[in-house]
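To start, the structure itself, in structure tokens.
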Amino acid sequence: MNTVKRILPLLLAALILTPVSSCGNKVENTESTQNPIAAPVPEQEQTAETEPETLEADLLPDADYEGYTFNILSTDPGMLWGYMVSLYAEEETGEPLNDFVFRRNTAIEDRYNIKIANSAELDSGPTSSLALSTVRSGDDLYSIVSYGVKWQLVDAQSGSFVNLHKVNSVDFAHPWWNREAADLLTIKNRLYVAFGEFNTFDNEALGVIYVNNNMVRDNNLDSPYDLVRSGEWTLDKLYEQASSVVRDIDGDGVVSEGDVFGFIGGIGTYNMMFTATNQPHVLLGEDGSYILNQGTEGSLAAAEKIWRIVDDTTVSAFQNTQGWSPAAFRAGNVLFFNAGLAGISQYRDIEWDVGLVPIPKFDTEQEKYRSMYSNQSMTIAIPVTNSDPERTGVIAEALGAYSRIPLREVYFDTMLKVKAARDEDTAEMLDILVSNKCIDVGVLNENAWGSVISSYFNVLHEKGIGELSSTVASNRKMFSKNVEKIEQKYEELD
């Protein structure tokens with residue numbers, strides 16, 4: 001535990017001082033059909049930070065809202081996936097994150113003379129249905145609604161939410177908002193959903209590679225931590241190491257239960273790895289239009305390497321069809337396991353040495369590691385039935401300002417108390433993960449594109465790299481039509 005206490009301040013200092021990376025989601029020439037694998041992108045300007053508490057409190061206006069109830073409708077991820085909840089807490093329980101949320105909300109209640117309340121649904125689908133039915137009825141019941149971004153982006157097309165660019169009290173230049181996401185999700189000068197620092201879900205859903213460090217040492221492999229630091233943690237290196245540990249115990253020539261093997265992936269692995277290799281499905285052109293990146297030279301090069309890792313049945317297990325495979329990792333029979341960061345809490349009782357590293361880069365020329373925002377991540381939106389969006393904007397700003405540094409501190413303090421993270425290496429890897437969070441608007445808005453995203457990796461998984469060309473051709477037609485429909489719908493709103 002002393003190690004944890006020593007690591008935490010160092011980690012937090014790095015998190016506070018390191019800006020979230022720009023993710024290469026824009027193209028300079030919209031006529032080009034190619035996207036370089038490691039094209040440099042200018043860093044977004046960051047607000048200078050000195051004393052976070054003083055600076056961020058000073059950015060907030062003062063107001064008295066005379067006992068107003070700020071009612072949040074949200075998905076409660078803790079009810080479904082075990083993710084940490086950071087929007088609302090009923091009371092202090094002794095659990096650090098819960099207690100911070102309670103105290104944060106109490107401070108905001110006192111500052112603005114309000115009461116924060118919460119209604120939580122089990123999943124994004126029911127939350128979406130309730131939000132839309134409330135809007136249709138004309139009831140000013142919820143101040144904000146928060147659920148999975150891919151559902152919120154579809155719901156935005158129905159005219160259910162307020163254009164956040166017209167809410168003067170919301171300033172996306174403030175550091176507790178994700179400005180890059182706001183830019184990428186703006187269509188025809190309209191933005192209806194936002195990512196903010198008041199929710200830890202974004203971190204929980206980041207994809208990682210869990211590592212069996214015992215197997216690394218037993219097989220005399222290069223440390224994945226050292227490979228990350230040197231910039232040599234690439235898809236090729238992952239495949240090389242995964243291939244080297246395989247032992248076909250039953251001799252059937254494929255990975256099966258009881259074997260020792262190199263990698264566990266799944267459907268989600270494709271999107272995580274495309275983003276990690278700087279090949280998002282959708283890019284933003286100079287004119288603000290969306291461009292499908294599938295089938296470009298860079299995307300196909302990444303697809304070939306990803307396919308080799310995920311679908312080599314002599315090396316890897318596919319957890320969507322081989323449900324026993326996660327248990328094999330717990331048993332110590334797998335070198336690498338791709339899953340979400342939230343899974344770290346599941347390993348607190350494992351006796352062997354488990355760690356984590358980012359998803360690998362495409363190659364050593366790629367500048368940074370990249371961690372994908374999940375389309376399950378929770379954004380916020382203001383219903384059009386809200387009678388005072390400016391008041392809501394002030395309170396949303398306060399949630400961000402009161403959360404950004406201290407919530408991150410409590411979050412990582414909680415994470416670092418599990419056995420899997422009690423070392424300086426893993427603390428450093430966590431820093432890299434959250435400092436390089438990236439948006440793929442293609443994944444976030446997946447429900448709006450039809451089957452454009454899922455068909456790409458489904459064909460890759462089921463038929464192989466050689467079958468992608470025909471899929472890309474049909475996807476381009478579908479994508480263009482759906483983008484045109486979305487733009488028309490947005491133009492009709494407001």
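Fair warning: this is a prediction, and the values are worked out from it, not measured in the lab. Values below: every heavy atom of this structure, side chains too, minus hydrogens, waters and symmetry copies.
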Are the side chains of [Y] and [X] in contact, using a 4.5 Å heavy-atom criterion?
{"X": "L191", "Y": "F172", "answer": "yes"}
{"X": "V315", "Y": "F261", "answer": "no"}
{"X": "T93", "Y": "D99", "answer": "yes"}
{"X": "Q294", "Y": "V452", "answer": "yes"}
{"X": "P224", "Y": "V216", "answer": "yes"}
{"X": "Y369", "Y": "L433", "answer": "no"}
{"X": "V208", "Y": "I359", "answer": "no"}
{"X": "N178", "Y": "Y373", "answer": "yes"}

Aromatic ring centroids of Y290 and W449 under 6.0 Å? yes
Keeping [X] on the side-chain end and [Y] on the backbone end, is there a donor-acceptor pair under 3.5 Å?
{"X": "Q376", "Y": "Y147", "answer": "no"}
{"X": "D259", "Y": "D248", "answer": "no"}
{"X": "T379", "Y": "V193", "answer": "no"}
{"X": "W307", "Y": "L460", "answer": "yes"}
{"X": "W233", "Y": "P358", "answer": "yes"}
{"X": "N219", "Y": "M215", "answer": "yes"}
{"X": "E95", "Y": "L97", "answer": "yes"}
{"X": "R104", "Y": "L407", "answer": "no"}
{"X": "D363", "Y": "Q366", "answer": "yes"}
{"X": "Q152", "Y": "G148", "answer": "no"}

If only side-chain N and O atoms count, and only distance matters, is there a donor-acceptor pair under 3.5 Å linking [Y] with [X]?
{"X": "S230", "Y": "E232", "result": "yes"}
{"X": "Y239", "Y": "D312", "result": "yes"}
{"X": "D252", "Y": "S256", "result": "yes"}
{"X": "N293", "Y": "S299", "result": "no"}
{"X": "D155", "Y": "S128", "result": "yes"}
{"X": "H281", "Y": "N271", "result": "yes"}
{"X": "N203", "Y": "K437", "result": "yes"}
{"X": "S316", "Y": "D311", "result": "no"}
{"X": "E197", "Y": "S403", "result": "no"}

Please report the closest heavy-atom contact between [X] and [Y], naming both atoms and the distance.
{"X": "I264", "Y": "Q319", "result": "CG2-CB, 4.0 Å"}
{"X": "Q241", "Y": "D222", "result": "NE2-O, 3.0 Å"}
{"X": "V260", "Y": "V245", "result": "CG1-O, 3.6 Å"}
{"X": "A156", "Y": "Y192", "result": "CB-CB, 3.7 Å"}
{"X": "P360", "Y": "L238", "result": "CG-CD1, 3.5 Å"}
{"X": "A131", "Y": "V145", "result": "CB-CG1, 4.0 Å"}

Please report the interatomic distance [atom1]([X]) to [atom2]([Y]), rounded to the nearest 0.5 Å.
{"X": "L227", "Y": "K361", "atom1": "CG", "atom2": "NZ", "value": "10.5 Å"}
{"X": "L399", "Y": "Y88", "atom1": "CG", "atom2": "OH", "value": "13.0 Å"}
{"X": "L283", "Y": "L292", "atom1": "CG", "atom2": "CG", "value": "8.5 Å"}
{"X": "S146", "Y": "F198", "atom1": "OG", "atom2": "CZ", "value": "7.0 Å"}
{"X": "N338", "Y": "F263", "atom1": "CG", "atom2": "CZ", "value": "5.0 Å"}
{"X": "D440", "Y": "M272", "atom1": "CG", "atom2": "CE", "value": "12.5 Å"}

Among E92, E109, E91, which one satisfies salt bridge (charged side-chain N to carboxylate O under 4.0 Å, His left out) with R103? E92
Apply side-chain hydrogen bond (donor to acceptor under 3.5 Å, both in side chains) to residues Y270 and N458 and explain how you reach the verdict. CA-CA 9 Å; Y270 294 104; N458 281 335; over 6 Å; no
Is the shortest distance from a Lys or Arg side-chain nitrogen in [X] or [Y] to a carboxylate oxygen in the other one below 4.0 Å?
{"X": "D353", "Y": "R217", "value": "yes"}
{"X": "R308", "Y": "D236", "value": "yes"}
{"X": "D425", "Y": "R229", "value": "yes"}

Is the Y210 ring parallel, tilted or perpendicular to the F337 ring (thresholds 30°, 60°)? tilted
Kindly assign one of parallel, tilted or perpendicular to the pair F329 and W352, based on the angle between their ring planes and the thresholds 30° and 60°. perpendicular
Steps toward side chain to side chain contact (heavy atoms under 4.5 Å, CB included) verdict (I306, L235): CA-CA 7 Å; I306 296 167; L235 293 178; 4.0 Å; yes
Among N375, I453, V154, find the one that has a side chain to side chain contact (heavy atoms under 4.5 Å, CB included) with N447. V154
Candidate pair S86 and N199, rule side-chain hydrogen bond (donor to acceptor under 3.5 Å, both in side chains), full reasoning: CA-CA 5 Å; S86 53; N199 200 339; 3.0 Å; yes
Run L206 and V434 through side chain to side chain contact (heavy atoms under 4.5 Å, CB included) and show every step you take. CA-CA 8 Å; L206 293 175; V434 301; 4.2 Å; yes
Applying side chain to side chain contact (heavy atoms under 4.5 Å, CB included) to L356 and L341, what does each step give before you reach the verdict? CA-CA 9 Å; L356 60 84; L341 180 56; 3.9 Å; yes
Show your working on side-chain hydrogen bond (donor to acceptor under 3.5 Å, both in side chains) between T75 and T127 and close with a plain yes or no. CA-CA 6 Å; T75 298; T127 311; 3.0 Å; yes
Walk me through it: do F70 and K115 pass the test side chain to side chain contact (heavy atoms under 4.5 Å, CB included)? CA-CA 6 Å; F70 184 80; K115 177 66 178 177; over 6 Å; no
